[in-house]
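All remarks here apply to the structure that follows.
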Amino acid sequence: MADAVIRFGDKESRLEVVQSVEGQVAVDISRLRTEVGLTTIDRGFANTAESESSVSYVGGEEGVLHYRGYLIEELAEHASFLEVAYLLQYGELPTRTELEAYQESISLHTLLREDMKHLFEAFPHTAHPMQILASATSALATYYPDALDPHDEEAVDISARRLIAKTPTMTAWSYKYSVHQPYIYPQNDLGYLSNFLHLMFSVPAEPYTADPVVVRALNMLLVLHADHGQNCSTSAVRLVGSSQANIFSSVAAGIHALSGPLHGGANQEVLEMLEEIVAHGGDVAPFVARAKDKEDPFRLMGFGHRVYKNFDPRAKIIKRAADDVLDALGIDDDPLLDVALQLEEVALSDDYFVERKLYPNVDFYSGIIYRAIGFPTEMFTVLFAIGRLPGWIAQWRELLADPTTRIFRPTQVYVGPERRPYVPIEQRS
Ligand code: ACO
């Protein structure tokens with residue numbers, strides 16, 4: 001394909017076109033400044049590719065998401081979460097032997113250093129678990145100083161496994177602390193998700209067995225969250241990683257980014273919004289009206305997406321699954337699900353939402369399943385973090401392994417005051 005050409009004044013720059021396997025091609029603008037004296041501005045990076053990436057593909061127009069070529073519909077139905085984590089880390093689906101070895105190595109790292117208990121206890125009992133998880137993730141770097149070199153492949157691999165193994169324990173402990181229950185220790189003969197449910201919901205005084213329906217539902221949800229191109233939290237992980245900060249610090253940055261209500265924090269907000277609608281009698285109309293009112297900052301949480309402009313394929317799968325999971329858990333009628341369905345119907349037939357191509361996103365229906373499983377609302381975004389973790393790590397590893405990576409350092413268009421002389425304090429009015 002021919003290069004793209006930009007002319008500015010009497011100067012010209014030929015921009016190399018970078019090919020893609022799927023989706024849009026790009027022009028490399030890195031020489032634009034030196035050749036024609038122009039930088040680019042792209043608010044919210046809506047049309048900027050930070051680099052080439054092989055981890056996942058998000059096809060906004062056709063509503064497609066795949067991880068290293070495998071469609072999420074197939075992975076959600078057939079693959080285990082750790083199988084997907086392996087795929088994202090190493091680029092290929094594991095053989096049975098590889099998967100067993102991977103599962104075993106993850107299970108060997110589920111314990112936290114006993115000293116870490118004090119970290120949880122330093123927080124108020126009311127602390128949001130996303131804040132605790134981000135802090136605990138940062139703290140892991142202090143326990144494993146020998147495994148922080150981003151260019152030591154073996155150290156990176158062990159740190160990646162530690163992160164995947166310990167995040168469910170850290171998450172569950174933040175919950176146990178908030179409800180004044182004793183911490184539960186991991187049980188390594190359980191599968192990854194059965195162990196997580198055991199850490200969350202068992203108490204020392206009672207036997208606990210995870211319901212297979214719940215394990216399957218959680219597996220499906222986490223698989224659907226495992227990666228998603230250059231989203232906000234992944235970009236945060238890559239940005240911090242570009243300075244060669246260690247993997248724990250980089251992932252902690254991703255957790256903070258995910259906590260925002262416009263990103264992963266939306267799943268908690270959706271549930272709270274649905275509860276509010278139910279508490280106000282179940283009429284969705286005033287909430288839709290508020291979302292359309294430009295004077296009101298209220299948005300329909302769980303609606304809209306930067307990339308998907310027809311539908312979010314994850315939301316489609318979760319919506320279909322919600323009914324089945326609720327049925328299997330013996331929940332005949334969930335007023336929140338009824339309101340969610342009604343809200344979707346009203347919004348999708350309203351010109352405001354149609355014109356702006358606003359559809360339910362991954363966060364719209366996921367909370368209904370999390371709630372049916374028994375997770376408190378505050379844990380929803382943390383569940384997203386557990387799901388997204390393999391993607392963050394895979395993206396961080398891809399970035400660090402790429403010899404063309406440079407520290408991320410965007411430029412700006414300065415619009416502040418012009419240069420002016422310093423005014424001594426006694427002369428300032
Ligand atoms: N409710 C009402 N109006 C909305 C909504 C919404 N949920 N989302 C977007 N709009 C409107 C905007 O007001 C804007 O209208 P305008 O053109 O009249 O000014 C237009 O749609 C485009 O919206 P932007 O904010 O420019 O779109 P952007 O791509 O920057 O934002 C985002 C995407 C953050 C997801 C946005 O749709 C939103 O805030 N949604 C609600 C929060 C949410 O569900 N976040 C989770 C996203 S998925 C994820 O991160 C896992």
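Keep in mind that the numbers below use all heavy atoms, side chains included, and drop hydrogens, waters and symmetry copies. Counting convention: from 1, in listed order, for ligands and their atoms alike.
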Consider ring-ring contact (aromatic ring centres under 6.0 Å, His included). Of H263, H305, H66, which one does H228 pass it with? H305
Would you verify whether the NZ or CZ of R290 falls within 45 degrees of the ring axis of F298 while also being under 6.0 Å from that six-membered ring's centre? yes
Distance flag, aromatic centroids of [Y] and [X], threshold under 6.0 Å:
X    : Y    : answer
Y86  : Y102 : yes
Y185 : W173 : yes
F375 : F201 : yes
Y192 : F81  : yes
Y370 : F380 : yes

Looking only at protein heavy atoms, identify the closest one to [atom] and say how far it is in Å.
atom                    : result
atom 40 (N) of ligand 1 : F303 O, 2.8 Å
atom 35 (C) of ligand 1 : G304 O, 3.5 Å
atom 19 (O) of ligand 1 : K294 NZ, 3.8 Å
atom 17 (O) of ligand 1 : R356 NE, 3.8 Å
atom 42 (C) of ligand 1 : M301 CE, 3.6 Å
atom 9 (C) of ligand 1  : L358 CD2, 3.5 Å

Under 4.0 Å from atom 29 (O) of ligand 1, can you find at least one protein heavy atom? yes
Any protein heavy atom lying closer than 4.0 Å to atom 2 (C) of ligand 1? yes
Nearest non-hydrogen atom to atom 23 (O) of ligand 1 belongs to which of R388, R299, H263? R299
Tell me which one of D296, L300, L258, L262 gets a heavy atom nearest to atom 34 (C) of ligand 1. L262
Numbering as shown, the atoms of ligand 1 that approach [X] to under 4.0 Å (heavy-atom distance):
X    : value
R306 : 28 (P), 29 (O), 30 (O), 33 (C)
V362 : 51 (C)
Y352 : 2 (C), 3 (N), 4 (C), 11 (C), 13 (O)
A291 : 2 (C)

Does a donor on one side chain sit under 3.5 Å from an acceptor on the other, for N310 and E62? no
T48 side chain to D42 side chain, donor-acceptor N/O pair below 3.5 angstrom: yes
Would you check whether N361 has a nitrogen or oxygen atom less than 3.5 angstrom from a nitrogen or oxygen atom of ligand 1? yes
Considering distance alone, does some N or O of A266 sit under 3.5 Å from an N or O of ligand 1? no
How about NZ on K117, more than 12 heavy atoms from neighbouring residues, nucleotides or ligands closer than 6.0 Å, or not? yes
Count the heavy atoms belonging to other residues, nucleotides or ligands that lie under 6.0 Å from CD of E92, then report whether that count exceeds 12. no
Looking only at heavy atoms, is any part of D363 under 4.0 Å from ligand 1, and if so is it the side chain, the backbone, or both, or is it neither? side chain
For ligand 1, the portion of N231 having any non-hydrogen atom under 4.0 Å away: neither
Does G302 have a heavy atom less than 4.0 Å from any atom of ligand 1? yes
In this structure, does ligand 1 have an atom that sits under 4.0 Å from one of the heavy atoms of F384? yes
Side chain to side chain donor-acceptor pair (under 3.5 Å) between T39 and R33, worked out: CA-CA 6 Å; T39 187; R33 182 145 44 139; 5.0 Å; no
